[in-house]
Asker: 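First, the structure itself, so that you have it in front of you.
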Number of protein chains: 2
Amino acid sequence: MASTKTGAQGGRRRPTVADVAREAGVSVATAGRALGDYGRVGDALRDQVRAAAARLGYSPNGVARSMRSGGTRTIGFVGVDISNPYFATAMRGICDVARKEGYEAILANSDDRLDIERAAVKVLLEKQIEGIVVAPNAVIDVGHLQRAQELGVPVVLLDRHSGVLDADSVVIDNEAAAREAVSHLLRLGHRRVGMLLCVDPSESPELVRRAGTGRLEVHGAARPSIDRIRGYVAAMDQYGAPTAAELIRYTVVGEAAHLEREAEALLDLPDAPTAVFAADNVATQGLFTAVRGRGLGIPDDISMVGFDDLDWTTLVDPPLTVVAQSPMDMGRIAAERLFARIKGDDSPGERIILPTELIVRSSAAGRDAVHTA
Amino acid sequence: MASTKTGAQGGRRRPTVADVAREAGVSVATAGRALGDYGRVGDALRDQVRAAAARLGYSPNGVARSMRSGGTRTIGFVGVDISNPYFATAMRGICDVARKEGYEAILANSDDRLDIERAAVKVLLEKQIEGIVVAPNAVIDVGHLQRAQELGVPVVLLDRHSGVLDADSVVIDNEAAAREAVSHLLRLGHRRVGMLLCVDPSESPELVRRAGTGRLEVHGAARPSIDRIRGYVAAMDQYGAPTAAELIRYTVVGEAAHLEREAEALLDLPDAPTAVFAADNVATQGLFTAVRGRGLGIPDDISMVGFDDLDWTTLVDPPLTVVAQSPMDMGRIAAERLFARIKGDDSPGERIILPTELIVRSSAAGRDAVHTA
DNA sequence: TTGTAGGCGTTATCAG
DNA sequence: CTGATAACGCCTACAA
């Protein structure tokens, strides 16, 4: 009896209600009632059964219970990457709500890849989860999510909205947030403003093209990255600042190295920008690093506005002006919507837009303003 | 047919193999074989069944499958707080390995509270997960983990080791890591070195006492925080630097506000330390913030060494000298051990000690060395 | 090759 | 108040 404590095989078969019943000398039905606390059971027998259960180390089998009841008290979250603080915080919000409701959450990382996301949803569905929160990779190709809904599993979108899917979504107004950030720079007198961000691989090529009007147009689905570019362009147009494709640099998610290269390319432009908007937290860090690497001073040599109010943005010198959102609330609210659906709410899908805030700190400064009409 | 797409009730009963069988005009057994790809099935019938399944939108019921097979292909992770980058990164490592093995992971946050951890383990056990990775709150009171093992569910400890439990643990050598960090400061000529950290609520009182020898003794279980204090004291003793309880300030986890107060108390000491070792990533941030708030220069006015090589420690000015560990590897290796156990490995519990590295950057500098014998 | 039947553990229904 | 029995959906002996 020295070993097999550490390993998997340790236990012989786990005791069941039947075992407890036998041990207590009653029927399975009675044992079940005594343990599950339903129906009527005599006091004496109840204690007897409880004692037997304790003696045997009985633990109810949730799988069997789910089998009968149809409910698993489990939800799923398909995020992009839990090691990104944005999703980690959202997950925390989701877990908190789930725990309050007596549910657990299964986590899957998609790395923003549609194939992985699809597979994850499929597995979750097979596991009979009762609802899914997902940060979808694609906003059009959502067949797998529709399928979930058809199966009676509610879906709530987090961070991204889909026009195709009739589901709740918890998002921010990406275009407005970007426009506010860039306007801030423009009002400070900057004219040549760059933009740096990560985009999804499937969306990257030909993101931006010149139209007949001379204005920059942005083509692509309404995803956060694309919407933020739209906000940037809108602000530039509004303030009459000249736009140029070369001022918008991006890289596909997960390639931090490329990102720094793009940032440097931006800084090395013949007519380099005097200010840059980094449109996500990865780009913010990449830009900051690149600027530092070039030995440039912020905001003296170059101004910047970042995205996401991560802790480090106030630790750094100078503290960064950023667009702040609240992933914790996002996760919480998404989960709350999900549980409302699980409980039967079948009103039409709602688009919940959480506020963002431009937190002005010290990384963006004036440019001896040469304002334009 | 306008609505009920969004809500939970959407689906009528989900189709089962029996439904598919009926639709295809074959027996359940044949349908099962065709769908599950086991046994022999005629080509014609197989296609027929597949078609019927597609028509009905059949999706296998994992709960029923688990019921029969006994396996759920699910593991659990009980971490302290997923919004802490340390645990978020560890979770990523765990998920990656799980996915490779065809498993999913359920996440639970304990907030470093034993009662929550116990409840989480209980629920996970009921859900019939096949293994648990846990960052245990207590290293002695591990009855709930022993129970898991007795039930045949392998347990792997992450970040913390328990002498009581015969389980694998994946940890770092906390005492050695702290000693190295503090020795670094001492070798730089500092004599009055402070320490700042978070400790578990249950361990906080009377952490440190004077003994007859005049040396500082550290009482408490072998948890990371306590071990790091031991390392600090060992280094101080080794270099003949005078120790004092007032130089060691801590707060319970999750109370960041108190932490900054403790940091300030340290800086305000009549005989203030010339260097401080922040022994975890929360303390590192708190210390840095407090020092900044006091307008002190690093390392000119005060030197510091932090813990955990988070991104921001290199973004900040000056870049911080830190003790680095790899939570991603920790998660990965813990999960790998867990799957080895799940597959039947029942060798005695192994203590896997991952390396740490003192990364010397610029936050600790010399003190016109007044060395001691 | 295909079909029939039984059981995994729980809970609920129905008799006694 | 207690006991026997059926059912959830899948898989697998076993029989045809």
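Per chain, numbering begins at 1; letters A, B, ... match sequence-line order.
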Asker: For B/Asp47, what residues pass the salt bridge (Lys or Arg N to Asp or Glu O under 4.0 Å) criterion, not counting sequence neighbours?
Answerer: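 Expected list: none.
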
Asker: Donor-acceptor pairs under 3.5 angstrom involving side-chain atoms of residues 74-83 of chain A: please list them, not counting sequence neighbours.
Answerer:
{"unit_1": "A/Thr74", "atom_1": "OG1", "unit_2": "A/Thr72", "atom_2": "O", "d": "2.9"}
{"unit_1": "A/Thr74", "atom_1": "OG1", "unit_2": "B/Lys127", "atom_2": "NZ", "d": "3.4"}
{"unit_1": "A/Asp81", "atom_1": "OD1", "unit_2": "A/Ser83", "atom_2": "N", "d": "2.9"}
{"unit_1": "A/Asp81", "atom_1": "OD1", "unit_2": "A/Ser83", "atom_2": "OG", "d": "2.9"}
{"unit_1": "A/Asp81", "atom_1": "OD1", "unit_2": "B/Arg92", "atom_2": "NE", "d": "2.9"}
{"unit_1": "A/Asp81", "atom_1": "OD2", "unit_2": "A/Ser83", "atom_2": "OG", "d": "3.0"}

Asker: Name the atoms and distances for all side-chain donor-acceptor pairs under 3.5 Å in residues 20-36 of chain A, with sequence neighbours left out.
Answerer:
{"unit_1": "A/Arg22", "atom_1": "NH1", "unit_2": "A/Asp19", "atom_2": "OD1", "d": "3.3"}
{"unit_1": "A/Glu23", "atom_1": "OE2", "unit_2": "A/Arg55", "atom_2": "NH1", "d": "2.2"}
{"unit_1": "A/Ser27", "atom_1": "OG", "unit_2": "A/Ala29", "atom_2": "N", "d": "3.4"}
{"unit_1": "A/Ser27", "atom_1": "OG", "unit_2": "A/Thr30", "atom_2": "N", "d": "3.2"}
{"unit_1": "A/Ser27", "atom_1": "OG", "unit_2": "A/Thr30", "atom_2": "OG1", "d": "3.1"}

Asker: Does anything in residues 107-164 of chain B form a ring-ring contact (aromatic ring centres under 6.0 Å, His included)? List the pairs, not counting sequence neighbours.
Answerer: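 As it turns out, there is no ring-ring contact (aromatic ring centres under 6.0 Å, His included) pair with a partner in residues 107-164 of chain B once direct neighbours are skipped.
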
Asker: Please collect all ring-ring contact (aromatic ring centres under 6.0 Å, His included) contacts where either partner lies in residues 53-73 of chain A, sequence neighbours excluded, each pair once.
Answerer: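 Sorted result for residues 53-73 of chain A: empty, none.
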
Asker: Test of understanding: with salt bridge (Lys or Arg N to Asp or Glu O under 4.0 Å), list the residues that count as partners of A/Arg160, not counting sequence neighbours.
Answerer: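 Partners of A/Arg160 under the salt bridge (Lys or Arg N to Asp or Glu O under 4.0 Å) test: A/Asp112.
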
Asker: Under the side chain to side chain contact (heavy atoms under 4.5 Å, CB included) test, which residues partner B/Ser69, sequence neighbours left out?
Answerer: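 For B/Ser69 there are no side chain to side chain contact (heavy atoms under 4.5 Å, CB included) partners, ignoring immediate neighbours.
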
Asker: Determine the minimum heavy-atom distance between B/Pro348 and B/Arg341, stating which atoms define it.
Answerer: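 Here B/Pro348 and B/Arg341 meet closest at O-NH2, 3.2 Å.
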
Asker: Quantify the bending of the helix from C/dT1-D/dA16 to C/dG16-D/dC1 as the angle between its end axes, each fitted on five pairs, to 10°.
Answerer: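 Comparing the axis at each end, I get an angle of 50°.
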
Asker: Name all residues meeting the ring-ring contact (aromatic ring centres under 6.0 Å, His included) criterion together with A/Phe87; count only those two or more places apart in sequence or in a different chain, and write none if there are none.
Answerer: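 Here no residue qualifies.
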
Asker: Going 5' to 3' along DNA chain C, which nucleotides are the first and last within contact of chain B (any atom under 4.0 Å from a heavy atom)?
Answerer: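 Taking any atom under 4.0 Å from a heavy atom of chain B, the span is C/dT1 to C/dG9.
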
Asker: For every nucleotide of nucleotides 9-16 of chain D, 5' to 3': is a protein heavy atom under 4.0 Å from its base (B), only from its sugar-phosphate (S), or from neither (-)?
Answerer: BBBB----

Asker: Under the salt bridge (Lys or Arg N to Asp or Glu O under 4.0 Å) test, which residues partner A/Arg68, sequence neighbours left out?
Answerer: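 Partners of A/Arg68 by the salt bridge (Lys or Arg N to Asp or Glu O under 4.0 Å) criterion come out as none, since no residue qualifies.
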
